Number of protein chains: 2
Amino acid sequence: MDQIEIFKALSNKTRLQILTWLKEPEKHFPDHKISCDHNNLGVCVGHIQQKAGLTQSTISEYLSLLQRAGLVTATRMGQWTYYKRNEAAFEALSNLIASEI
Amino acid sequence: MDQIEIFKALSNKTRLQILTWLKEPEKHFPDHKISCDHNNLGVCVGHIQQKAGLTQSTISEYLSLLQRAGLVTATRMGQWTYYKRNEAAFEALSNLIASEI
DNA sequence: TTGGAATATCGGGAATTACCGATATATATT
DNA sequence: AATATATATCGGTAATTCCCGATATTCCAA
């Protein structure tokens with residue numbers, strides 16, 4: 001758990017938005033059931049990219065950055081990569097700020 | 001409470017160190033009683049700078065950056081400026097991460 | 001009121017980050 | 001095998017951040 005990597009990952013408006021969108025995927029990605037997300041794997045890159053309005057390469061990089069920071073997990077299924085929040089990481093970060101930092 | 005400004009402020013090793021030092025000033029600045037810190041005002045810039053090992057200008061900027069983010073408060077007393085943690089901000093941030101982000 | 005001490009601000013070079021377009025890779029379909 | 005789709009990676013420019021030295025400002029002391 002690299003604190004600085006986490007805080008850097010959170011220091012960007014688009015990435016923060018993505019994380020809050022992933023809190024309620026069914027709300028923010030209403031068409032996810034009929035396309036990417038079969039189970040509870042998360043949301044695929046393309047949907048996130050469309051909603052964010054930045055290029056595919058940028059969003060792909062942002063998502064892998066969030067993954068390296070441990071804030072999301074990625075699952076590859078066929079041609080899609082599904083990203084979902086790692087709630088444990090947020091809980092740990094909250095506790096870290098409340099007690100360590 | 002500008003989230004991004006806060007996370008940017010926390011995205012630096014030296015600034016994180018300063019914040020943890022300020023959690024226990026008497027431990028990390030053992031000579032603070034006989035010099036700067038008369039009451040509970042915090043720790044003066046010079047002591048923080050010595051411990052951090054960076055230049056005076058850098059530390060001064062880091063401290064005002066932390067202040068702008070709301071993570072510390074500054075009190076000017078004579079020629080010294082004393083910085084101390086704003087614990088309410090950390091609590092608020094912890095809660096924010098636990099519930100909003 | 002002049003000099004010194006503590007801090008703040010200014011200007012700048014090197015490194016990092018924010019995005020992009022182009023291209024590569026992997027998978028699915030025909 | 002050839003093509004199409006989804007994602008990842010690469011190379012690059014503009015903006016931001018890191019940290020410095022030099023200078024300005026504020027306050028105190030002689």
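Predicted, not measured: the structure shown is a model, and the values here were computed from it.
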Value rounded to 0.5 Å, distance of [atom1] in [X] from [atom2] in [Y]:
X	Y	atom1	atom2	answer
B:Leu71	B:Arg15	CG	CZ	10.0 Å
B:Leu96	A:Ser94	CG	OG	9.0 Å
A:Ile48	A:Leu63	CD1	CG	4.5 Å
B:Trp80	B:His47	CH2	NE2	9.5 Å
B:Leu93	A:Ile101	CG	CD1	8.5 Å

- prompt: Quick one: side-chain contact (heavy atoms from CB on, under 4.5 Å) partners of B:Gln56, sequence neighbours excluded?
  reply: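 For B:Gln56 the side-chain contact (heavy atoms from CB on, under 4.5 Å) partners, ignoring immediate neighbours, are B:Gln49, B:Ser60.
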Rounded distance (Å) that lies between atom [atom2] of [N] and atom [atom1] of [X]:
X	N	atom1	atom2	result
A:Leu65	C:dC19	CG	P	12 Å
B:Phe7	D:dT16	CZ	C1'	19 Å
B:Gln49	D:dG21	CD	P	11 Å
B:Gln67	C:dT9	CD	P	10 Å
A:Tyr82	D:dA8	OH	P	12 Å

message: Please give me every residue in residues 51-63 of chain A whose heavy atoms get under 4.0 Å of an atom in DNA chain D, ordered by residue number.
response: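 Listed by number, they are A:Gln56, A:Ser57, A:Ser60, A:Glu61.
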- prompt: In terms of hydrophobic clusters joined by side-chain contacts under 4.5 Å, are A:Leu65 and A:Tyr83 together?
  reply: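 No, A:Leu65 and A:Tyr83 fall in different hydrophobic clusters.
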- prompt: Pairs in or reaching into residues 56-77 of chain B: which pass salt bridge (Lys or Arg N to Asp or Glu O under 4.0 Å), with residues at least two apart or in two chains?
  reply: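 Residue pairs with at least one partner in residues 56-77 of chain B: there are none.
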query: Going by the salt bridge (Lys or Arg N to Asp or Glu O under 4.0 Å) test, which pairs reach into residues 78-96 of chain A, not counting sequence neighbours?
result: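 Counting only pairs at least two positions apart or across chains, the salt bridge (Lys or Arg N to Asp or Glu O under 4.0 Å) contacts touching residues 78-96 of chain A are A:Arg85-A:Glu87.
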message: Does D:dA8 have OP1 or OP2 under 4.0 Å away from a side-chain N or O of A:Tyr83?
response: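 For D:dA8, OP1 or OP2 has a side-chain N or O of A:Tyr83 closer than 4.0 Å.
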message: Whether A:Thr81 contacts D:dA8 is assessed here as follows: a side-chain N or O lying under 4.0 Å from the phosphate OP1 or OP2. Is that the case?
response: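 It does, given that an N or O in the side chain of A:Thr81 lies less than 4.0 Å from OP1 or OP2 of D:dA8.
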query: Is there a donor-acceptor contact under 3.5 Å from the side chain of B:Lys51 to the main chain of B:Ile18?
result: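 Looks like no, no N/O pair under 3.5 Å.
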field: Side-chain (B:Ser11) to main-chain (A:Ile4) donor-acceptor, under 3.5 angstrom
entry: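 Side chain of B:Ser11 to backbone of A:Ile4: no pair is present.
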task: Enumerate the residues from residues 8-23 of chain B whose closest heavy atom to DNA chain C is under 4.0 Å, giving them by residue number; use none for an empty result.
output: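 Nucleic-acid contacts, sorted: none.
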query: Just by protein heavy atoms under 4.0 Å, how would nucleotides 25-30 of chain D read 5' to 3' in B, S and -?
result: --BS--
